[in-house]
Amino acid sequence: MTSRDAMLNQPRAIGFVHREIRGTGADLCALAGRHGYRLVFTVVADTGPVISGLVVAQHLCEFEAEAVVVPGSEHAEPIRSLITDLAALITPMQIYPWGYHWPTPGPGGRR
């Protein structure tokens, strides 16, 4: 098996970048590869959480992807629960597996 064949057999990931968030220069392709995924498409959005969530869900389905890679957790913050309901979430600091349950906010919005 060639390295190209091995790469094609890796699980797929899509990238998600929110255009309004600045200062994150993570290499999404390298970040995906570090966790055993192959980046197949990157969504760049400037939409609110509802539309961003629909777009991410559509691209996960369309590309049969198993993960979403973001350059920083703030890119996924508004839709992180939706992402982990459908796929793994890969940030530069941590990977949240598919099915990860986020802590629910306590009184006053605190976790």
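Keep in mind the model is a prediction, meaning the values are calculated, not measured. Positions are given from 1, in the same order as the sequence printed here. Basis for what follows: all heavy atoms, side chains included, without hydrogens, waters or symmetry-related copies.
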Worksheet item: Quick check: does any side chain N or O of His75 sit under 3.5 Å from a backbone N or O of His18, one acting as donor and the other as acceptor?
Response: yes

Discussion item. Test of understanding: with side-chain hydrogen bond (donor to acceptor under 3.5 Å, both in side chains), list the residues that count as partners of Gln94, not counting sequence neighbours.
Written reply: Tyr96

Worksheet item: Judged by atom type as modelled, is there a donor-acceptor pair below 3.5 Å linking the side chain of His59 to the main-chain atoms of Val55?
Response: yes

Worksheet item: Is there a path of hydrophobic side-chain contacts, each under 4.5 Å between heavy atoms of I, L, V, M, F, W or Y residues, that connects Trp98 with Tyr100?
Response: no

Worksheet item: Does any non-hydrogen side-chain atom of Ile90 lie less than 4.5 Å from one of Tyr37?
Response: yes

Fill in: Value rounded to 0.5 Å, distance of CD in Gln58 from CD1 in Ile14
10.0 Å

Discussion item. Restricting to side chain to side chain contact (heavy atoms under 4.5 Å, CB included), what partner residues turn up for Ala76, sequence neighbours left out?
Written reply: Val70, Ile83, Leu89

In residues 39-54, what donor-acceptor pairs under 3.5 Å come from side-chain atoms, sequence neighbours left out?
residue: Thr47; atom: OG1; partner: Ser52; partner atom: N; Å: 3.4
residue: Thr47; atom: OG1; partner: Ser52; partner atom: OG; Å: 2.7
residue: Ser52; atom: OG; partner: Thr47; partner atom: O; Å: 3.3
residue: Ser52; atom: OG; partner: Gly48; partner atom: O; Å: 3.0

Practice prompt. Output every pair passing salt bridge (Lys or Arg N to Asp or Glu O under 4.0 Å) with a member in residues 54-64, not counting sequence neighbours, ordered by first then second residue.
Written response: Arg12-Glu64

Validation: residues 26-36 side-chain donor-acceptor distances under 3.5 Å, sequence neighbours left out:
residue: Asp27; atom: OD1; partner: Cys29; partner atom: N; Å: 3.1
residue: Asp27; atom: OD1; partner: Ala30; partner atom: N; Å: 3.1

Worksheet entry | Of all pairs that satisfy side-chain hydrogen bond (donor to acceptor under 3.5 Å, both in side chains), the ones with a partner from residues 84-93, not counting sequence neighbours | Thr84-Trp102

